[in-house]
Chemist: 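Pasting a structure below so you can have a look.
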Amino acid sequence: MTAAPLRRVAVLVLEGAKPLDVGIPAQVFTTRASMPYEVRVCGAAPGLVTGGDGLSYHVAHGLEALEWAELVFIPGYRHPDREAPPAAVVDALRAAHERGARLAAISTGAFALAATGLLDGRRATTHWHYTRALAARHPRIDVDENVLFVDEGGVLTSAGAASGIDLCLHILRGDLGLAASNHAARRLVAAPYRSGGQAQYVPRSLPEPLGERFAATREWALTQLHEPLTLAALARHAAVSPRTFSRRFVEDTGYTPMEWLLRARVDVARELLEGSQQSVEQIAAGVGLGTAANLRGHFQRILGTTPSQYRRTFASGE
């Protein structure tokens with residue numbers, strides 16, 4: 001059998017590029033058996049690109065890589081609020097988008113993406129230190145400073161460098177399914193799932209023992225998904241009041257406890273659909289969603305598809 005063609009990813013290195021922002025997509029999407037991608041690192045022209053933090057990059061490709069790519073990453077760079085990216089870069093990004101490529105900005109790469117006008121009228125984010133500058137320079141963008149990443153379909157943005165990992169894993173979940181994304185997270189020694197709606201940073205220190213209890217409660221809940229878990233039961237396990245548990249849980253995860261629990265159940269269902277022969281009815285009962293109709297409804301709301309369609313797309317061996 002002929003191997004499926006590799007998915008094409010370009011990483012666009014601009015002057016002042018931040019090394020971690022460049023390295024994340026280049027490493028996450030590097031070609032291996034579990035990752036059917038080919039990555040080309042490029043710049044405005046082939047050759048040496050002066051980066052930030054004392055590093056420079058020698059890129060083999062120029063903007064022609066954007067004509068080739070299906071997914072283009074724009075890593076963050078220093079001083080994005082001082083000057084616009086070169087006109088040739090802006091034009092190449094617009095052309096790539098018009099051809100159907102997805103454009104994903106990490107951190108201050110959002111400024112280069114914003115210069116194309118493709119974020120106008122859309123939600124977007126960037127590193128918290130630059131959210132006000134992005135909103136001031138591009139007032140037509142709905143800048144959200146309190147999230148890790150934003151997926152607007154053909155254009156995606158993320159916050160500071162580490163959230164670039166969250167964005168890459170989010171893209172992998174959509175491209176290859178949950179099992180592949182979790183495998184990549186284990187390889188990166190990263191959290192397999194942080195919601196895009198999670199806060200970029202906690203605005204005040206939380207007592208460490210309470211944070212540990214909440215983490216333990218989440219781990220416990222994942223072993224009890226088949227049970228009718230309630231807010232009271234979760235709070236009781238964490239040894240705090242339901243009100244305190246709810247408030248701190250949102251700060252910690254970006255979700256209410258019940259929404260987090262629902263998404264955890266859907267995620268386990270996704271894994272079972274990918275890797276088991278259980279029926280939709282059996283999976284729904286096993287993850288605590290009761291009926292196949294309930295599972296289908298939540299799948300449609302959260303993922304925009306049905307369990308059967310998801311299984312056909314991501315089942316092992318497909």
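The structure displayed is predicted, hence computed values, not measured ones.
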Chemist: Counting neighbours of CD on Gln224 that are heavy atoms of other residues, nucleotides or ligands and sit closer than 6.0 Å, is the number greater than 12?
Modeler: yes

Chemist: Before giving the answer on side chain to side chain contact (heavy atoms under 4.5 Å, CB included), spell out for Val49 and Glu15 the whole-Å C-alpha distance, their side-chain angles and the decisive distance to 0.1 Å.
Modeler: CA-CA 6 Å; Val49 180; Glu15 292 290 328; 3.9 Å; yes

Chemist: Using a distance-only test with no angle check, is there a side-chain donor-acceptor pair under 3.5 angstrom linking Tyr37 and Asp175?
Modeler: yes

Chemist: Is the count of non-hydrogen atoms from other residues, nucleotides or ligands lying under 6.0 Å from Arg99 atom CZ greater than 12?
Modeler: yes

Chemist: Check the angle between the aromatic planes of His138 and Phe111 and answer parallel, tilted or perpendicular using the 30° and 60° thresholds.
Modeler: perpendicular

Chemist: Answer yes when Asp151 and Arg122 have at least one side-chain N-carboxylate O distance shorter than 4.0 Å, and no when they do not.
Modeler: no

Chemist: Check Leu167 against Ala104 and note the closest heavy-atom contact, atom names and distance.
Modeler: CD2-CB, 4.1 Å

Chemist: Yes or no on side chain to side chain contact (heavy atoms under 4.5 Å, CB included) for Thr157 and Thr126, after CA distance, side-chain angles and deciding distance?
Modeler: CA-CA 7 Å; Thr157 52; Thr126 188; over 6 Å; no

Chemist: Give every residue pair that meets the salt bridge (Lys or Arg N to Asp or Glu O under 4.0 Å) criterion with at least one member in residues 64-82, sequence neighbours excluded.
Modeler: Asp53-Arg78

Chemist: Side chains of Gln309 and Thr306: any donor to acceptor distance under 3.5 Å?
Modeler: yes

Chemist: With a 6.0 Å cut-off on the ring centroids, do Tyr255 and Phe249 count as close?
Modeler: no

Chemist: Has Gln277 got more than 12 heavy atoms of other residues, nucleotides or ligands less than 6.0 Å from its CD?
Modeler: no

Chemist: Are the side chains of Arg311 and Ser276 in contact, using a 4.5 Å heavy-atom criterion?
Modeler: yes

Chemist: When you compare the side chain of Val13 with that of Phe73, does any pair of heavy atoms fall below 4.5 Å?
Modeler: no

Chemist: Are the side chains of Pro25 and Val39 in touch, meaning some heavy atoms are under 4.5 Å apart?
Modeler: no

Chemist: Measuring centre to centre across the rings, with the benzene-like ring taken for any Trp, is Phe245 within less than 6.0 Å of Phe214?
Modeler: yes

Chemist: Atom CG of Leu20 and atom CD of Gln27: how far apart are they, to the nearest 0.5 Å?
Modeler: 9.5 Å

Chemist: Does Arg243 have more than 12 heavy atoms from other residues, nucleotides or ligands lying within 6.0 Å of its CZ?
Modeler: no

Chemist: Take Thr244 and Ser241 through the side chain to side chain contact (heavy atoms under 4.5 Å, CB included) test and state the conclusion after the steps.
Modeler: CA-CA 5 Å; Thr244 295; Ser241 71; 3.1 Å; yes

Chemist: Classify the ring geometry of His127 against His129: parallel below 30°, tilted from 30° to 60°, perpendicular beyond 60°.
Modeler: perpendicular

Chemist: Using a 6.0 Å cut-off, check whether atom CZ of Arg140 has over 12 heavy atoms from anything other than its own residue.
Modeler: no

Chemist: Is the closest basic N to carboxylate O distance between Glu145 and Arg123 below 4.0 Å?
Modeler: no

Chemist: Report yes if the side chains of Arg7 and Leu176 come closer than 4.5 Å at any heavy-atom pair, otherwise no.
Modeler: yes

Chemist: Side chains of Ser107 and Tyr130, heavy atoms from C-beta outward: is any pair under 4.5 Å?
Modeler: no

Chemist: Between atom CG of Leu63 and atom CG of Leu12, what is the distance when rounded to the nearest 0.5 Å?
Modeler: 6.5 Å

Chemist: Any idea how Trp220 and His237 line up, ring-wise: parallel (<30°), tilted (30 to 60°), or perpendicular (>60°)?
Modeler: parallel

Chemist: Between Leu119 and Ala110, which heavy-atom pair has the shortest distance, and what is it?
Modeler: CD1-O, 4.0 Å

Chemist: Salt bridge check, Glu259 against Arg263: does any charged N sit closer than 4.0 Å to a carboxylate O?
Modeler: yes

